[in-house]
Protein chains: 2
Amino acid sequence: MTIAEVSKKFGLSQDTLRYYERIGLVPSISRSKSGNRDYSEEDCRWIEFIKCMRNAGLPIEALIEYVTLFQKGDETIAARKELLTEQRKLLVEKMDEMKKTLERLDYKIESYE
Amino acid sequence: MTIAEVSKKFGLSQDTLRYYERIGLVPSISRSKSGNRDYSEEDCRWIEFIKCMRNAGLPIEALIEYVTLFQKGDETIAARKELLTEQRKLLVEKMDEMKKTLERLDYKIESYE
DNA sequence: TTACCACTTGGAGTTAACTCTAAGTCAAAC
DNA sequence: GTTTGACTTAGAGTTAACTCCAAGTGGTAA
């Protein structure tokens, strides 16, 4: 798949896709004979995963670390699990904050009736 | 209340409190005779409100608009309600994304057992 | 064979939200 | 009466996460 196709498929700009690769957030993509990126199925799965995690606000830095660990193989499974568990904890905390704020907004909106 | 007290009370840095005032996110704070900020009870309520909204990720720009409308008096009530309703919608959307990601994280963490 | 278009790279620019610095003022303590 | 420490201001610097730009290349179409 070309960068244009991947960009369209996942709704990420070509610049963002190149940026993610440059910083190591996505494993490096192989090139066609003319030097253009050629995304594999697995590359696409990574991109979809990263997009989902970023949408929920997980920081790029943590995701880079996850990808890096992944590439080091099975001996990093414990570390990967720990990383995800920590991010999960932060996510739940954030959601709790948001829930409180949502209730407050609801109350405020109602009082504007 | 001095800026030091407000900073401690709400866990916002003095720089952040000054910044919020400068950009109009908090109504301007009156000064003591020596020129220092003297926060009233109402100022504190604003700061607590802003902090709560910011913790949930509401953008500063939207909050400035809300404060500005508030200061214009009762004729802006409809606009204020609309603004809050829009932000509420965005908040719910974000929470939905996060919920999906949380489920995915849970699944992934479980599969690492 | 020249024009076009999608791609490449390295690097600079942008945005949101702070955070820090420098130079100065004021009141209280020593 | 000078030093200390909390404050003031304007403005510069930082960080995360993109986004844009310029200069160049490779394949296709007129």
Side-chain angles (χ1 to χ4, degrees), chain A residues 1-26 28-40 43-44 46-47 49-68 87 90-91 94 97-98 101, chain B residues 1-26 28-40 43-44 46-47 49-68 87 90-91 94 97-98 101:
Chain A
M1 273 185 121
T2 68
I3 196 168
E5 287 164 344
V6 175
S7 168
K8 197 168 174 192
K9 179 166 184 179
F10 295 108
L12 292 171
S13 77
Q14 299 190 17
D15 271 319
T16 299
L17 289 170
R18 290 192 201 98
Y19 168 66
Y20 281 179
E21 184 182 352
R22 174 163 50 179
I23 63 176
L25 178 49
V26 168
S28 65
I29 309 300
S30 61
R31 307 297 146 116
S32 69
K33 56 235 84 125
S34 55
N36 292 6
R37 285 171 181 80
D38 183 18
Y39 291 82
S40 71
D43 294 334
C44 286
W46 268 113
I47 286 162
F49 172 70
I50 293 297
K51 192 197 169 183
C52 175
M53 296 299 132
R54 286 291 304 128
N55 275 353
L58 273 73
I60 280 186
E61 214 185 329
L63 296 171
I64 289 177
E65 205 186 328
Y66 181 75
V67 173
T68 307
Q87 291 303 319
L90 295 172
L91 188 57
K94 245 180 159 188
E97 287 281 344
M98 290 166 86
T101 303
Chain B
M1 273 185 123
T2 68
I3 196 167
E5 287 163 343
V6 174
S7 168
K8 197 167 176 195
K9 180 165 185 181
F10 295 108
L12 293 170
S13 76
Q14 301 190 15
D15 272 319
T16 298
L17 289 170
R18 291 193 200 97
Y19 168 66
Y20 281 179
E21 184 182 352
R22 173 164 49 177
I23 63 176
L25 178 50
V26 168
S28 66
I29 309 299
S30 61
R31 307 297 147 117
S32 70
K33 56 236 82 126
S34 55
N36 292 5
R37 286 172 181 79
D38 183 19
Y39 291 81
S40 70
D43 294 334
C44 286
W46 269 113
I47 285 161
F49 172 71
I50 293 297
K51 193 198 169 183
C52 176
M53 296 298 132
R54 286 291 305 130
N55 275 353
L58 273 71
I60 280 187
E61 213 186 329
L63 295 171
I64 289 176
E65 205 187 327
Y66 181 76
V67 173
T68 307
Q87 291 303 318
L90 296 172
L91 187 57
K94 244 178 156 189
E97 286 281 343
M98 289 165 88
T101 303

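Every chain is numbered from 1 and lettered A, B, ... according to where its sequence line falls, protein lines coming before strand lines.
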For this session: Take the protein atom CG of A/Asn36 and the nucleotide atom C1' of C/dC5, then report the distance between them rounded to whole Å.
Result: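 Computing the A/Asn36:CG to C/dC5:C1' distance gives 11 Å.
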For this session: Take atom CG of B/Leu25 and atom P of C/dC18, then tell me their distance rounded to the nearest Å.
Result: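 Atom-to-atom, B/Leu25 to C/dC18, this comes out as 9 Å.
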When rounded to the nearest 0.5 angstrom, what is the spacing between [atom1] in [X] and [atom2] in [Y]?
{"X": "A/Phe10", "Y": "A/Thr16", "atom1": "CZ", "atom2": "OG1", "answer": "14.0 Å"}
{"X": "A/Arg22", "Y": "A/Ser28", "atom1": "CZ", "atom2": "OG", "answer": "14.5 Å"}
{"X": "B/Ile29", "Y": "B/Leu17", "atom1": "CD1", "atom2": "CG", "answer": "8.5 Å"}

Exercise. 5'-most contact on DNA chain D: B/Arg37 or A/Leu58, nearest heavy atom basis?
Worked result: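 Nearest-nucleotide comparison on DNA chain D picks B/Arg37.
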For this session: Report yes if a side-chain nitrogen or oxygen of A/Thr2 is closer than 4.0 Å to either non-bridging phosphate oxygen (OP1 or OP2) of C/dC7; otherwise report no.
Result: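 Affirmative; the distance criterion is met.
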Heavy-atom donor-acceptor pair, [X] side chain to [Y] backbone, under 3.5 Å:
{"X": "B/Ser32", "Y": "B/Asp38", "answer": "no"}
{"X": "A/Glu21", "Y": "A/Arg18", "answer": "no"}
{"X": "A/Arg54", "Y": "A/Leu58", "answer": "yes"}

Problem set entry | Heavy-atom neighbours of A/Glu61 CD exceed 12 at 6.0 Å |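 At most 12 heavy atoms, drawn from other residues, nucleotides or ligands, come within 6.0 Å of this atom.
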For this session: Anything under 4.0 Å to a heavy atom of chain A counts; send over the first and last such nucleotide of DNA chain D, read 5' to 3'.
Result: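 Range of nucleotides touched by chain A: D/dA17 to D/dG27.
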Exercise. Got a sec? Which of residues 5-24 of chain B come in under 4.0 Å of DNA chain D, heavy atoms?
Worked result: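 Contacts with DNA chain D under 4.0 Å: B/Gln14, B/Arg18, B/Arg22.
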Problem set entry | 5' precedence on DNA chain C between B/Arg54 and B/Gly35 (nearest-nucleotide basis) |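 Its nucleotide being nearer the 5' end, the pick is B/Arg54.
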Problem set entry | salt_bridge(A/Lys51, B/Glu97) N-O dist < 4.0 Å |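 No salt bridge links A/Lys51 with B/Glu97.
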